[in-house]
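Reading through the structure tokens given below for one structure.
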2 protein chains.
Amino acid sequence: MNEQEFLASYDPRAYPAVAVTVDVVALTIREGALHLLLIRRGEPPFAGHWALPGGFVRPDEDLITGARRELAEETGLGGERLHRIHLEQLGSYGDPDRDPRMRIVSVAHLAFAPDLPDAAAGSDADEAGWLPVTALPGRQLAFDHARVIDDGVERARSKLEYTPLATRFLAPEFTITELRAVYETVWGQPLHAGNFHRKVLSVPGFVESTGASTERGGARGGPRAKLYRAGDARLLHPALLRPAREEAVR
Amino acid sequence: MNEQEFLASYDPRAYPAVAVTVDVVALTIREGALHLLLIRRGEPPFAGHWALPGGFVRPDEDLITGARRELAEETGLGGERLHRIHLEQLGSYGDPDRDPRMRIVSVAHLAFAPDLPDAAAGSDADEAGWLPVTALPGRQLAFDHARVIDDGVERARSKLEYTPLATRFLAPEFTITELRAVYETVWGQPLHAGNFHRKVLSVPGFVESTGASTERGGARGGPRAKLYRAGDARLLHPALLRPAREEAVR
DNA sequence: AGAATAGTGTCTATTAGACACTATTCT
DNA sequence: AGAATAGTGTCTAATAGACACTATTCT
């Protein structure tokens, strides 16, 4: 910050007002499909359109705290349940005309949540719901939220490669098959069951055995599966890479 | 954004003022060491401390444009030279007390630049310079910029793994040895020359031959090296991974 | 001449992925 | 019984990395 800016900073109103909001791309997996928490707007602009949960950052909270608060408000969650949701900063969106009312810079966040009850308890009058990410109503998304969502989904796909965060989509105890379903759903492609199984167990700290097994086998047959919980690794080494995507390279 | 927030947004002054700045972690390589563009502050707060180049985002520019403008002001660069510098958003920093004057959310950016002339031509009265990233005066950094710089350097290290952006630290034509020096400098460890050479040439689209060679061999002997320029790949596949870092995993 | 470097050859260990197969549990 | 699934075995191709070596160019 140079001197001119420093002097100006004594009177922030010398600069046009900018508002800062925190928005959340909250992802979960329902019925084998990636879902996203959206709010249906009741008022213009973009009345009737779907928007990401979010709002102005408050004076006393930092950015991720604001995002967690918004997430709590819209999901009705608190305490332990809320803190098991993975939350990270995604990026900021600040094109001058992204909001027709005024200059708003949105700091978007990305959340991975296990399948949650539908009711958005502490929410307001607007309709809230988990919508499948594929088959989102492209033109029905408010502001630049389609782009934010795209960035969030791509970040999620990438994060599953080199972090153990896929477990955050699941209950504290899970089977390898459930974990594989997370990868298949987020990446949008089937994975080889046997190779996936061996790979997951070979990565140090990815999962650890609980010693227990499921009560029943699969609905259509098959043995009971062993149960695991998340291990202590923060990074997967070696990583679980997506099948090569030629188009992504050039 | 819910209704309450929507209504509030009609009068942004109903919320305490927040200012948005864009800051730049601009990295380059000089004399075999990673250097960073810093500005010495002339006025409080943090007078005499070093700070990242940056300033308020202007009403008519988006975030990355603001960052590019700040970079241009401090480096004195423009046109082609400026646009060869890689610039991406790094992340936003908005702890309520990160600036003692008022609530400021900083959208930090990360730049990779070739070695540039020292003069910060279009700059202001404050002193500007490229400082080595190791041996930065920890307590002499203003605001939370030490953390921003750490995040930027870590992002740079990671980006070199799976993108061809190391070439952005070099002139348009470079040798494989120069490219290896970039990796060694940013990662802070020596790499095996022979294996690196073969690996780089084996990644599709990373580099392409110019057909030419250097005029002279190395200063202390050795054959002339072939010259390459950046290829058309946007991602490296397979990636050039850093030697395993046990401590990073857990 | 002697040293340093560019670039290639070769071998081994690790990993990814294809495929096969057994054991278990479902309807 | 028949089908589906959990988990393991085995083989091959790709890759990382260690090491050796040649050819070239410097002082």
Side-chain angles (χ1 to χ4, degrees), chain A residues 32 160-162 170 173-184 187 189-204 206-228 235-246 249, chain B residues 32 160-162 170 173-184 187 189-204 206-228 235-246 249:
Chain A
L160 293 204
E161 292 192 306
Y162 59 93
L170 298 171
E173 300 196 353
F174 51 85
T175 67
I176 302 295
T177 297
E178 288 168 345
L179 184 61
R180 176 166 50 85
V182 172
Y183 277 89
E184 290 178 331
W187 286 353
Q189 56 188 303
L191 300 174
H192 188 285
N195 289 341
F196 181 88
H197 196 109
R198 183 160 6 111
K199 169 77 185 182
V200 166
L201 296 185
S202 78
V203 176
F206 190 178
V207 299
E208 60 184 29
S209 175
T210 67
S213 294
T214 53
E215 291 291 322
R216 297 181 35 93
R220 285 169 292 183
R224 297 173 186 178
K226 291 178 186 165
L227 286 168
Y228 297 85
L235 292 175
L236 303 184
H237 186 78
L240 251 148
L241 298 178
R242 277 176 277 186
R245 302 150 288 147
E246 277 306 321
V249 174
Chain B
L160 258 48
E161 292 192 307
Y162 59 93
L170 299 171
E173 300 197 352
F174 50 84
T175 67
I176 302 296
T177 296
E178 288 167 344
L179 184 61
R180 175 165 51 84
V182 172
Y183 277 89
E184 291 178 330
W187 286 352
Q189 58 188 303
L191 300 174
H192 188 287
N195 289 341
F196 181 88
H197 196 109
R198 185 162 2 122
K199 169 76 183 181
V200 166
L201 295 185
S202 78
V203 176
F206 190 0
V207 299
E208 60 183 31
S209 175
T210 67
S213 295
T214 54
E215 290 292 319
R216 296 179 38 91
R220 285 169 292 182
R224 298 173 186 178
K226 292 178 187 166
L227 286 168
Y228 297 84
L235 293 175
L236 303 184
H237 186 79
L240 250 149
L241 298 178
R242 277 177 277 187
R245 301 151 290 147
E246 276 308 318
V249 174

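For DNA chain C, the residues of residues 216-225 of chain A within the heavy-atom distance limit of 4.0 Å (strictly under) are A:R216, A:G217, A:G218, A:A219, A:G221, A:G222, A:P223, A:R224, sorted by number. Only A:G194, A:H197, A:R198, listed by number, bring a heavy atom of residues 190-198 of chain A to less than 4.0 angstrom from any atom of DNA chain D.
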Mind running side-chain contact (heavy atoms from CB on, under 4.5 Å) on B:K199 and B:L240 for me, showing each step along the way? CA-CA 8 Å; B:K199 169 76 183 181; B:L240 250 149; 4.0 Å; yes
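In terms of the ring pair (Phe, Tyr, Trp, His ring centres under 6.0 Å) criterion, residue partners of A:Y183 (sequence neighbours excluded) are, by chain and number, A:W187, A:F196. Every residue meeting the side chain to side chain donor-acceptor pair (under 3.5 Å) condition with A:R198, not counting sequence neighbours, appears here in chain and number order: A:N195. Residues that satisfy the side chain to side chain contact (heavy atoms under 4.5 Å, CB included) test with B:V182, not counting sequence neighbours, are B:I29, B:L160, B:A166, B:F169, B:L170, B:V186. The side chain to side chain donor-acceptor pair (under 3.5 Å) test applied to B:R242 returns B:E154, B:E161, not counting sequence neighbours. Remark: B:E184 engages B:R180 in a side chain to side chain donor-acceptor pair (under 3.5 Å) (not counting sequence neighbours).
Contact check for A:L179 versus A:F206: side-chain heavy atoms found under the 4.5 Å cut-off. Considering only heavy atoms from C-beta on, A:Y228 comes within 4.5 Å of A:L201 through its side chain.
Comparing A:R242 and B:Y228 against DNA chain C, the residue whose closest nucleotide sits nearer the 5' end is B:Y228.
Summarising the geometry of A:P243 relative to A:Q189, their closest heavy-atom pair is CG-OE1, 3.4 Å, with the distance given to 0.1 Å. A pairwise comparison of heavy atoms in A:E178 and A:E173 identifies OE1-O, 4.3 Å as the closest pair. Smallest separation of non-hydrogen atoms from B:P238 and B:V203: O-CG2, 3.7 Å.
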Just to be sure I follow the notation: if a pair is Watson-Crick (purine N1 to pyrimidine N3 plus N6-O4 or O6-N4) or a G-U wobble (N1-O2 and O6-N3), each under 3.5 Å, what dot-bracket string does DNA chain D give, with | for pairs to another strand? |||||||||||||||||||||||||||
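Contacts of A:T177 with the nucleic acid, taken as non-hydrogen atoms under 4.0 Å apart, involve only primed sugar atoms and P, OP1 or OP2. Here A:S202 lies out of heavy-atom contact (under 4.0 Å) with every strand.
Here B:T177 contributes atom OG1 and B:K226 contributes atom NZ; the two are 12.5 Å apart, rounded to the nearest 0.5 Å.
The nucleotide range of DNA chain D contacted by chain B, defined by atoms under 4.0 angstrom from heavy atoms of the protein and reported 5' to 3', is D:dT15 to D:dT27.
The side-chain hydrogen bond (donor to acceptor under 3.5 Å, both in side chains) contacts involving residues 209-220 of chain B comprise nothing, where partners must be two or more places apart or lie in separate chains.
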